[in-house]
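Notes follow once the structure below has been shown.
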Protein chains: 2
Amino acid sequence: MADDTDLDALSECALAEMARVRPVLDKIADKWTILILTVLCPRPARFNAIMRRLDGITHKALADALKRLERNGLVTRTVLPTAPIGVEYAITPLGHSLRQPFEALCTWALDHGAAIEAANHEHDSIKARQ
Amino acid sequence: MADDTDLDALSECALAEMARVRPVLDKIADKWTILILTVLCPRPARFNAIMRRLDGITHKALADALKRLERNGLVTRTVLPTAPIGVEYAITPLGHSLRQPFEALCTWALDHGAAIEAANHEHDSIKARQ
DNA sequence: CGGTATCCTTTCGGATACTG
DNA sequence: CAGTATCCGAAAGGATACCG
């Protein structure tokens, strides 16, 4: 019973931590956030330049994502004094700091993606046999 | 122009890597996956035990999430020979390996959550002034 | 107890069109 | 070029009820 209490305490602590983590992750984790940051990482880019790089993203999705990124302080938005008007988006230090933990996730995905695929196929074949 | 080519190559490489990473992340990244793994990390648990721990999750959401986790080889499902019937879920080594990269993300969230909050408020107050 | 099926509401994403 | 508004179908999420 003493063991149970200890384990409960640990798990409870982790779950309590999650309560603070979740709202943050909800803000940054959408379909395009990471891809946009990847594009902006080497250098700033303009709206249509980003769109050309991200094959498949729609006008609206990019506009929404950039608005959220700007609001969260991960990118900056600068209107250029050109004609016709131009807008340049650049990654902030805060946005840049996100790349390291995200790369840890990427590494995991690259390392274990095959294992997940294998588990999928095994699971499916077992179900098919039944 | 030579610089541009190099930067393009780097960015192109990162985007190409993303193409392999994305399908994996799509499989594991939903609202409850991480919380469930957190609960199961110290020791296995049964369906309703998990549900009691995760405040707010619905019956259906938990059932769906567990099915996906099992299919991806992140948890195991064991029917207990009890009456009434019981089912125990346990984390696999593969599931356990996911915790390290995820904790990197948690650390980032805990470290920079305040900065994002601040950016939100600053952004809102600027907009309100206009 | 564990799980599925159903229904219903809300959200999301794509397509299109229009403004500065 | 950048951005907004609108419409619409698809998908997600919650509540409920029922089966093994």
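Both backbone and side-chain heavy atoms feed into the values below; hydrogens, waters and symmetry mates do not.
- Between A/Tyr89 and D/dC1 there is no side-chain N or O to OP1 or OP2 distance below 4.0 Å.
- For the pair A/Ile50 CD1 and D/dC1 C1', the computed distance is 13 Å after rounding to whole Å.
- Residues B/Leu62 and B/Ile36 meet the side-chain proximity criterion, which asks for heavy atoms closer than 4.5 Å.
- In terms of position along DNA chain C, the nucleotide closest to B/Arg77 lies nearer the 5' end than the nucleotide closest to the other residue of the pair A/Asp30 and B/Arg77.
- For the pairing with A/Leu69, the side-chain contact (heavy atoms from CB on, under 4.5 Å) check across A/Thr76, A/Ile91, A/Val75 returns one residue only, A/Val75.
- Toward the 5′ end of DNA chain C lies the nearest nucleotide of B/Arg52, the other residue of the pair B/Arg52 and B/Ala63 mapping further downstream.
- Rounded to whole Å, the distance from CE on B/Met51 to P on C/dG2 is 10 Å.
- Rounding to the nearest 0.5 Å places NE2 of B/His112 at 3.5 Å from OG of A/Ser97.
- Counting to the nearest Å, the C1' atom of D/dG3 and the CG atom of A/Asp64 are 11 Å from each other.
- Rounded to an integer number of Å, the gap from A/Lys31 NZ to D/dA10 P is 15 Å.
- Counting to the nearest Å, the P atom of D/dG13 and the CG atom of A/Asp26 are 11 Å from each other.
- Which of C/dG2, D/dT4, C/dG13 sits closest to the side chain of A/Lys60 comes down to C/dG13.
- Proximity of B/Arg46 to the phosphate of C/dC1: no side-chain N or O atom is located under 4.0 Å from OP1 or OP2.
- Under the 4.0 Å criterion applied to side-chain N and carboxylate O atoms, A/Lys31 and B/Asp26 are not assigned as salt-bridge partners.
- For B/Glu88 and C/dG3, the CD to P distance is 12 Å, given to the nearest whole Å.
- Distances from the side chain of B/Ala61 to the nucleotides D/dG14, D/dC1, C/dT4 place D/dG14 closest.
- Computed from coordinates, the B/Leu62 CG to C/dG2 C1' distance equals 10 Å when rounded to whole Å.
- What separates CZ of A/Phe47 from P of D/dC1 is a distance of 11 Å, to the nearest Å.
- The side chain of A/Lys67 approaches D/dT4 more closely than any other nucleotide in the set C/dG20, D/dT4, C/dC1.
- Ranked by how close their nearest DNA chain D nucleotide is to the 5' end, B/Gly56 and B/Ile85 are led by B/Gly56.
- Checked by distance alone, B/His59 brings a side-chain donor or acceptor within 3.5 Å of a matching partner on the base of C/dG3.
- Side-chain proximity of B/Thr58 to the nucleotides D/dC1, D/dA15, C/dG2 is greatest for D/dA15.
- Looking only at side-chain heavy atoms (C-beta outward), A/Ile34 and B/Arg22 stay at 4.5 Å or farther from each other.
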